[in-house]
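See below for the structure under consideration.
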Amino acid sequence: MVWLKEEIASKKILVVGAGGIGCELLKNLILAGFLDLTVIDLDTIDVSNLNRQFLFQKQHVGKSKSLIAKESVLKLTHAGREVSIDARMCSIFLPEFSVPWIKQFSIILNALDNVSARNHVNRLALAADIPLVESGTAGYSGESSVIKKGLSPCYECSERPRNKTYPGCTIRNTPSEPIHCIVWAKFLFSQLFGEPDDEQEVSPDAADPELANGEAAENKGNIKRINTTVWAEENDWDPKILFNKFFKEDINSLLSMSKLWEKEGRKKPSALDYDEIIGCGDGHATGSKMELRTLRAWHKAVTDAKTRRKRDGHLSWDKDDTDAMMFVAAAANIRCGIFKIEQKTEWKVKEMAGNIIPAIATANAVIAAIVCLQAVKILKNNIKKTKEVSLRVQPASHYILAASTFAERNPTCVVCAEKPTVTIMLDTKKVKDISNIFIQLKKFTLKDLREKICQKKLSMNEPDVEKDGNIILSSDEDDLDEVLLAKTLSEVGVGHGSILTAEDFQQEFKLTIHVEHVEELPEVDGQNELEFRISGQEKAEATISSQAEEVSVGKKRALSEKIGNEPAAKVQKIMDHLDLDEDEIICTDDIIC
Ligand SMILES: [Zn+2]
């Protein structure tokens, strides 16, 4: 096996990520005899990493993960061995990490903790035709698999389950579970102390579909829509004023929407009054013990957050931020009390709000060992024999580690299909703006096409979009002027039946987009709060054939077919569960991998 030793020593390996799995992996690679590594990680070391990222110690807190990881593993190398580690503290999204750059490596090993970076590396690896070993852990479970163009499914072949989200009107009007109040409290924290975000509105929603139109219209004149952030600042975040606004006036507004409370089994909320609870300072408090306790917690949490907001500027919600957590626990429990929902302990609120999955050093170590073995197997020219390996706590078989051969590729995958194609259904002229208290019509602009569709949904980094050979959206910053970006799709000639080509030069990724104009999107799961819907290749093909018979192009059409493509049957990867968009309602722990 001398030749294998030489192969290992001579090949260049790229490791993306130097966190939980990355640290273990770098150590394994060096001890296995790899001599030429490049490691990229943007992060700095946090004290919370030290319990499982063993290349880091207390004195390294605040320093670059990739640089310290390099320093630490070099101490493990045998004397006389010339090891080269190119450690970079930067983002894998930088343009310099292009497909030609990736081609210098024999294998790419991902040790990442987020879906957008995984998608990006997946595309780079496919375009460069370099084997990629994926990995991830969640608590005691983990996965590792090899991705190779034309041979295996790619990372994006299977659709990832989304984190559970809740309809805005349930959060704002009719909560019935503790989690609804916790999500509302997180929104409230951001509204009061963070950057203003219309999508995290907390006031009663008069556009609730449960309200008859008449009632919504009646109320329209009565409820004054105010900007919560500005209003709170003007009132100097006074805990009493804030309390009476959110737990008295807003609750009374909800009670005035009588239609909301006609539904059988739904409990009416009871408004609270700050002075009544504490007894106007005359010592005769009328609030229950629980109300007094939560009010005191509210007072302290608002005061503490206000001090920080004034000192540090806008705050962002973080489950590890004690002030933010105390605020969310207090506000959620007050709201739970108002809606007669079971209240939760601060720890439980933290667990629910942070969606915490523990990071286990042992699981990382097992998966990192498998990643290293996958790399050796690839160098032995046995890539076809590599397996998808799962680490399971309660396996169906009696093996904790289960291995399976490559799953089927998804022929409709938007990334690795022969000709990646999607259909986008949207109102190319106007859409409902669901963020406001009353439904308003808002334009869907080129900026939305770029940011919401190409970047967020299709994971492109710097998209160019063409229609009939003309560029309608350029990746060149100089071409992105505000006037152009503010145009609606119809204003740049995009309508029902338009075929667009979206391309990302860095990823060497090209995608055909079929546009289907609808004035109203079909409901899914009883909800219809989306601006657009994207479906895969099968839908695109159906659209093309149906267009020939389409008589009234652009008219509202009934769509009874199932929306969305069905990915090829595939064992759902545990690591997919970790990958949550940054702005999902429930955030995830970034310390999983
Ligand atoms: Zn794929």
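Whatever order the structure lists ligands and atoms in, that order sets their numbers, starting from 1. Hydrogens, waters and symmetry mates play no part in the numbers below; they use all other heavy atoms, side chains included.
Judged by distance alone, with hydrogens and angles left aside, the side-chain atoms of Gln507 form no donor-acceptor pair with the main-chain N or O of Leu124 at under 3.5 Å.
Within a radius of less than 2.8 Å around the Zn ion (ligand 1), the protein N, O or S atoms are Cys154 SG, Cys157 SG, Cys413 SG, Cys416 SG.
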Tell me which donor-acceptor pairs under 3.5 Å the side chains of residues 21-29 have, and how far apart each pair is, sequence neighbours excluded?
{"unit_1": "Glu24", "atom_1": "OE1", "unit_2": "Lys27", "atom_2": "NZ", "d": "3.0"}
{"unit_1": "Asn28", "atom_1": "ND2", "unit_2": "Glu24", "atom_2": "O", "d": "3.4"}
{"unit_1": "Asn28", "atom_1": "ND2", "unit_2": "Ala368", "atom_2": "O", "d": "3.4"}

Which donor-acceptor pairs under 3.5 Å do side chains of residues 373-381 form with protein atoms, sequence neighbours excluded?
{"unit_1": "Gln374", "atom_1": "NE2", "unit_2": "Ser144", "atom_2": "OG", "d": "3.3"}
{"unit_1": "Gln374", "atom_1": "NE2", "unit_2": "Lys387", "atom_2": "O", "d": "3.0"}
{"unit_1": "Lys377", "atom_1": "NZ", "unit_2": "Lys385", "atom_2": "O", "d": "3.1"}

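Of the candidates Lys103, Lys148, Lys149, Lys148 is the only one forming a salt bridge (charged side-chain N to carboxylate O under 4.0 Å, His left out) with Asp129.
Using the six-membered ring where Trp is involved, Trp101 and Phe105 have ring planes that are perpendicular, over 60° apart on the 30 and 60° scheme.
Legend: residues meeting side-chain hydrogen bond (donor to acceptor under 3.5 Å, both in side chains) with Asn382, ordered by chain and number and at least two apart, are absent.
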